[in-house]
Amino acid sequence: IGVPFYMREIHGQSKIKSLVYENDGDGSDEVEDLYILLGQIQANHPEVEGVSSGAILSTYQRTRIEHVCSRLNLTSLSYMWRMSSQRSLLDFILDDGEIEAILVR
């Protein structure tokens, strides 16, 4: 589709497990790997203004993405967050048979 693809190996672990994420400063939480990756993308593409995520029901995921985005002055976009018809939409997409879903943790 003509857009660059970025990835980074996760070195941290899920250390901070509370719903509200606060960086403890030692950089060992996996969220800090996301911060580093998005910072690299931002340095290479200063026109980037936001991050779209697939956080649907997980407050845990959404708040971490929002935390990283706020530190980088990016807008967090979670278009399907708490959408009332999300389950039926996901079932429809997956039942179609045309999409292979892979869970990435």
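Model, not experiment: these values are computed from the prediction.
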Participant: Work out which heavy atom in Arg8 is nearest to a heavy atom in Ile36; give both atom names and the distance.
Facilitator: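 Shortest heavy-atom contact: NH2-CD1, 3.4 Å.
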
Participant: Taking only residues two or more places apart in sequence or in another chain, which ones pass ring pair (Phe, Tyr, Trp, His ring centres under 6.0 Å) with His11?
Facilitator: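 With sequence neighbours excluded, His11 shows a ring pair (Phe, Tyr, Trp, His ring centres under 6.0 Å) to no residue whatsoever.
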
Participant: Asp29: which residues meet the side chain to side chain donor-acceptor pair (under 3.5 Å) condition with it, sequence neighbours left out?
Facilitator: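 Asp29 satisfies side chain to side chain donor-acceptor pair (under 3.5 Å) with no residue once adjacent residues are dropped.
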
Participant: Who passes ring pair (Phe, Tyr, Trp, His ring centres under 6.0 Å) against Tyr6, sequence neighbours left out?
Facilitator: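 Tyr6 satisfies ring pair (Phe, Tyr, Trp, His ring centres under 6.0 Å) with His45 only.
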
Participant: In chain order, what residues pass the side-chain contact (heavy atoms from CB on, under 4.5 Å) check against Leu34, with sequence neighbours excluded?
Facilitator: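 side-chain contact (heavy atoms from CB on, under 4.5 Å) check on Leu34 returns Leu38, Ile65, Val68.
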
Participant: Roughly how far, to the nearest 0.5 Å, is the CZ atom of Arg64 from the OG atom of Ser53?
Facilitator: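 Atom-to-atom, Ser53:OG and Arg64:CZ are 13.0 Å apart.
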
Participant: Taking only residues two or more places apart in sequence or in another chain, which ones pass side-chain contact (heavy atoms from CB on, under 4.5 Å) with Gln42?
Facilitator: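 For Gln42, the residues satisfying side-chain contact (heavy atoms from CB on, under 4.5 Å) (neighbours in sequence not counted) are Leu72, Leu74.
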
Participant: Might you work through the side chain to side chain contact (heavy atoms under 4.5 Å, CB included) test for Glu49 and Thr75, ending with a clear yes or no?
Facilitator: CA-CA 6 Å; Glu49 297 178 2; Thr75 301; 5.6 Å; no

Participant: Not counting sequence neighbours, list each pair that qualifies as a salt bridge (Lys or Arg N to Asp or Glu O under 4.0 Å) and has a residue in residues 67-79.
Facilitator: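 Applying salt bridge (Lys or Arg N to Asp or Glu O under 4.0 Å) to every pair that reaches into residues 67-79, excluding sequence neighbours, yields Glu32-Arg71.
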
Participant: Residues in side-chain contact (heavy atoms from CB on, under 4.5 Å) with Thr59, at least two apart?
Facilitator: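 Testing Thr59 for side-chain contact (heavy atoms from CB on, under 4.5 Å), a comparison that skips the adjacent residues, returns Leu19, Arg62, Thr63, Trp81, Arg82.
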
